[in-house]
Amino acid sequence: MSKDLTKRADDFSKWYNDIVAKAGLAEHSAVRGCMVIKPSGYAIWEKMQQTLDKMFKDTGHVNAYFPLFIPKSFFSKEASHVDGFAKECAVVTHYRLKNADGEIVVDPEAKLEEELIVRPTSETIIWNTYRGWVQSYRDLPILVNQWANVVRWEMRTRLFLRTAEFLWQEGHTAHASAQEAIEETERMLDVYAHFAENYMAMPVVKGKKTPNERFAGALDTYCIEAMLQDGKALQAGTSHFLGQNFAKAFDVKFAAKDGALDYVWASSWGVSTRLMGALIMSHSDDNGLVIPPKLAPTQVVIVPIYKGDEGLAKINEAVAPIKQKLEAKGISVKYDNRDSQRPGWKFAEYEMQGVPVRIAIGERDLQSLTVEVARRDELSKQVMPIEGLEQAIEKLLTDIQNNLFKKALERREKTTHTVHTFDEFKQALEKGGFVSAHWDGTPETEQKIKEETKATIRCIPLNNKQESGTCVYSGKASTQRVLFAIAY
RNA sequence: CGGGGUGUAGCGUAGCCCGGUUAUCGCGCCUGCUUUGGGAGCAGGAGGUCGUGUGUUCGAAUCACACCACCCCGACCA
């Protein structure tokens with residue numbers, strides 16, 4: 001029987017949950033709001049990590065690791081930062097359990113002098129550490145990244161998109177000038193955009209957040225915004241210019257060349273396992289997951305079709321050199337010659353798992369020296385000669401990668417609406433997608449639009465065209481359009 | 001965290017209103033044979049703290065209360 005997925009058109013949310021479950025990416029754990037990332041899901045995350053990590057290293061960053069726990073007092077040093085995170089912090093109050101008449105209880109004798117916060121992000125502990133690292137301009141810049149888990153006690157969770165604990169990377173850099181810190185902030189935004197578009201095949205809009213949507217403690221928050229298949233936007237990565245806020249809060253000063261003491265300038269930037277959700281909702285279809293070749297743990301699966309042990313032996317023999325040649329090209333190949341499942345079952349299974357290319361090879365192919373090649377993105381099949389197959393597959397993987405990006409880009413363009421009146425605005429929102437509209441620049445208008453329509457300003461696109469117009473809500477003068485959408 | 005819903009084998013479910021034999025069916029799983037170019041067929045078999053706890057009752061999957069988890073809708077957030 002088929003493992004039926006809910007159709008996207010019927011219930012997108014349910015489709016997403018189904019696909020996460022049926023492709024074996026993750027499941028709910030015994031702990032509320034926390035997920036177990038299963039091997040198939042973690043393998044994709046590892047590909048993302050490897051790719052990003054190389055990009056970070058190539059832009060001069062190094063990895064380090066800071067503690068999971070943060071003294072409560074650190075947290076209150078930067079006022080807006082506390083405000084932003086206070087409501088969703090897990091707090092450690094004790095350090096011991098004891099056995100009380102057969103029941104394990106928290107030992108009231110073991111109360112911590114100072115309570116510890118499980119990091120929701122690491123700015124405070126890192127800037128407290130940086131104080132000891134920086135004295136002179138010669139110690140700058142500090143370009144550090146860490147791969148870590150963080151906890152934000154979310155009330156409403158969804159696998160990958162929003163969980164109480166999630167995996168991410170957080171870059172924390174320290175600079176001698178505002179200009180340099182801003183350049184870093186923009187550079188890392190570019191890295192994220194490059195990764196999203198060229199590896200995830202997911203077009204993104206680079207932009208700046210409005211003050212309302214800014215990171216707690218930042219002077220400016222930049223973001224990449226993705227548009228998913230259901231017409232909702234998703235913030236896929238952020239990069240913050242922190243000014244001197246954390247340096248002041250943690251007293252991190254440096255002596256400049258001329259001997260003057262000044263506070264250090266900062267940036268921070270991060271992407272999380274939320275990218276997994278973005279990936280799924282960008283490309284996948286009613287048959288299951290679709291993974292772009294550059295992030296697919298298995299790029300090609302080979303399925304033998306045979307009768308009897310002898311038949312399989314012949315195919316095994318024919319597959320060995322094919323697999324070897326593909327692997328020599330750096331393509332990851334899985335040969336699934338399990339006898340416990342039939343070919344049709346395997347076809348459906350690997351489609352569910354999103355393997356980009358499937359090669360089927362049977363007795364007929366041995367005669368004609370061909371194989372059947374199926375591409376996951378278009379669900380189409382063609383017969384190819386074994387001779388030169390590795391070149392053809394290599395090209396096919398590139399085609400699939402490009403095609404996924406192209407389709408996603410076309411979808412986004414088709415669902416981006418430019419509107420002039422509030423009526424048009426509301427109509428466009430119902431269709432889903434980005435709505436490009438004039439905004440008077442005030443938080444009040446932004447808030448009112450949010451209350452009336454649930455739409456938020458996703459970003460003010462970078463290099464935005466300046467044009468005079470009137471705010472779609474207030475009718476006041478405006479100098480540029482911004483992107484609104486319903487967001488995750 | 002507020003409102004609504006759901007929880008029965010690995011998964012999906014019947015039974016619950018109206019308490020009373022051995023808890024239903026399908027998929028999956030195990031064994032065997034036949035099969036293998038799109039989720040195989042036949043035969044046999046295993047598998048259950050009915051989400052957890054407390055209570056009501058001669059008797060609880062079924063009634064009551066509490067708790068837990070998930071789903072939907074809000075508020076909050078990456």
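These numbers come from a predicted model, not from an experiment. Letters A, B, ... mirror the listed sequences (proteins, then strands); counts begin at 1.
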Counting only distance, no hydrogens or angles, is the base of B:rG39 paired donor-acceptor with the side chain of A:Q341 under 3.5 Å?
no
Got a salt bridge between A:K209 and A:E225, using NZ or NE/NH1/NH2 to carboxylate O under 4.0 Å?
yes
- Item | Distance between P atoms of B:rG45 and B:rG20 (Å, rounded) | 29 Å
Practice task
Mark yes or no for whether A:R119, through its side chain, and A:P67, through its backbone, hold a donor-acceptor pair below 3.5 Å.
Solution key: yes
Kindly assign one of parallel, tilted or perpendicular to the pair A:W45 and A:W147, based on the angle between their ring planes and the thresholds 30° and 60°.
-> perpendicular
Flag, side chain of A:K294 to backbone of A:N198, donor-acceptor distance under 3.5 Å:
yes
Numerically ordered, the residues 366-389 of chain A set in heavy-atom contact under 4.0 Å with RNA chain B is A:E372, A:K381
dist A:Q146:CD -> A:I126:CD1 (nearest 0.5 Å) comes out at 5.0 Å
A:L312 atom CG is separated from B:rG37 atom P, nearest whole Å, by 14 Å
Residues in residues 192-223 of chain A with a heavy atom under 4.0 Å of RNA chain B, by number, are none
query: Does a salt bridge link A:D336 with A:K334, judged by any charged N lying under 4.0 Å from a carboxylate O?
result: no
Q) When rounded to the nearest Å, what value does the distance between P atoms of B:rC1 and B:rC67 take? A) 11 Å
Can you tell me if the side-chain N/O atoms of A:R364 get under 4.0 Å from OP1 or OP2 in B:rG37? no
Rounded to the nearest 0.5 angstrom, the NE2-OG distance for A:H172 and A:S122 is 5.0 Å
Winner on side-chain proximity to A:A348, out of B:rC71, B:rG38, B:rC77, is B:rG38
Can a donor-acceptor pair be found between the side chains of A:S80 and A:E78 at a distance below 3.5 Å? yes
Rounded to whole Å, CG of A:D309 lies from P of B:rU35 at a distance of 13 Å
Check your understanding: If we take the P atom in both B:rU54 and B:rG15, what is their distance in whole Å?
Key -> 28 Å
When rounded to whole Å, the NZ to P distance for the pair A:K22 and B:rG39 reads 18 Å
Would A:F195 and A:Y192 count as a close aromatic pair, with their ring centres under 6.0 Å? no
Quiz prompt | Side-chain heavy-atom pair A:I44, A:L289 within 4.5 angstrom cut-off | solution = yes
Side-chain atoms of A:R32 come closest, of B:rC73, B:rC72, B:rA69, to B:rA69
Rounding to the closest angstrom, what is the interatomic distance between B:rC77 and B:rG4 at atom C1'?
23 Å
> Taking atom C1' in both B:rU35 and B:rC72, what distance in whole Å separates the two?
Replying inline: 45 Å
Between A:E184 and A:R187, is there a salt bridge with N-O shorter than 4.0 Å?
-> yes
Symbol by symbol from the 5' end, with Watson-Crick or G-U pairs under 3.5 Å, [ ] crossing and | another strand, RNA chain B is ((((((((.[[[..)....(....]]].((((((.....)))))).....[[[[[..)....]]]]])))))))....
### Query
Is the backbone N or O of A:I125 less than 3.5 Å from a side-chain atom of A:T129, with the two atoms forming a donor-acceptor pair by type?
yes
Residues 268-290 of chain A vs ring-ring contact (aromatic ring centres under 6.0 Å, His included), sequence neighbours excluded, gives A:F56-A:W269, A:H61-A:W269
| task | For A:S332 and A:Q299, indicate whether the former's side chain and the latter's backbone hold a donor-acceptor pair under 3.5 Å. | result | yes
Sorted by number, residues from residues 295-308 of chain A placing a heavy atom under 4.0 Å from RNA chain B are A:I305, A:Y306, A:K307, A:G308
Pair A:K307 + A:E363: basic N to acidic O under 4.0 Å | no
In whole angstroms, the gap separating P of B:rC71 from CH2 of A:W15 amounts to 16 Å
Exactly one of A:R8, A:Q229, A:R376 clears side-chain hydrogen bond (donor to acceptor under 3.5 Å, both in side chains) with A:D285, and that residue is A:R376
Atom pairs, protein N/O to nucleotides 5-9 of chain B N/O, distance under 3.5 Å:
none

Of A:F85 and A:K346, the one whose nearest nucleotide on RNA chain B sits closer to the 5' end is A:K346
Report yes or no: do A:Y222 and A:D190 form a side-chain donor-acceptor pair below 3.5 Å?
no
Hits for side chain to side chain donor-acceptor pair (under 3.5 Å) against A:T221, two or more places apart or cross-chain, chain-then-number order -> A:H240
B:rC71 OP1/OP2 closer than 4.0 Å to side-chain N/O of A:S13
no
(request) Considering only atom P, compute the distance from B:rC70 to B:rC29 and round it to an integer number of Å. (result) 28 Å
_Determine whether a donor-acceptor pair (one donor, one acceptor, N or O, separation below 3.5 Å) exists between the side chain of A:R358 and the base of B:rG38._
yes
With a non-hydrogen cut-off below 4.0 angstrom, is A:G288 in contact with a base, only sugar-phosphate, or nothing? nothing
Do A:R358's NZ or CZ and the ring of A:F347 fall within the cation-pi criteria of under 6.0 Å and 45°? yes
Point to revise | N/O donor-acceptor pair, side chain A:E363 with base B:rG37, under 3.5 angstrom | key: no
Rounded to whole Å, the CG-P distance (A:D83 to B:rC76) equals 15 Å
Numerically ordered, the residues 148-170 of chain A set in heavy-atom contact under 4.0 Å with RNA chain B is A:R152, A:E154, A:M155, A:R156, A:L161, A:R162, A:T163, A:F166
With rounding to whole Å, what would you report as the distance between B:rU52 and B:rA61 at their P atoms? 11 Å
- Item | Pairwise C1' distance for B:rG2 and B:rC63, with rounding to whole Å | 28 Å
In whole angstroms, the gap separating P of B:rC77 from CG of A:L234 amounts to 16 Å
Residues at least two apart in sequence or cross-chain that pass ring pair (Phe, Tyr, Trp, His ring centres under 6.0 Å) with A:F250, listed by chain then number, are A:F74
Listing, residues 82-91 of chain A side-chain donor-acceptor contacts under 3.5 Å, not counting sequence neighbours, or none:
none

The side chain to side chain donor-acceptor pair (under 3.5 Å) partners of A:W168 (sequence neighbours excluded) come to A:E170
Side-chain atoms of A:K454 come closest, of B:rG38, B:rC76, B:rG74, to B:rG74
Rounded to whole Å, CG of A:D18 lies from P of B:rC70 at a distance of 17 Å
### Task
Verify, without hydrogens or angle tests, whether A:S284 (side chain) and A:V290 (backbone) share a donor-acceptor contact under 3.5 angstrom.
yes
What N/O pairs connect the protein and nucleotides 42-45 of chain B at under 3.5 Å? Give each pair on its own line.
none

field: A:Q447 side chain to A:N212 backbone, donor-acceptor under 3.5 Å
entry: no
Taken to the nearest whole Å, OH/A:Y16 to C1'/B:rC72 is 17 Å
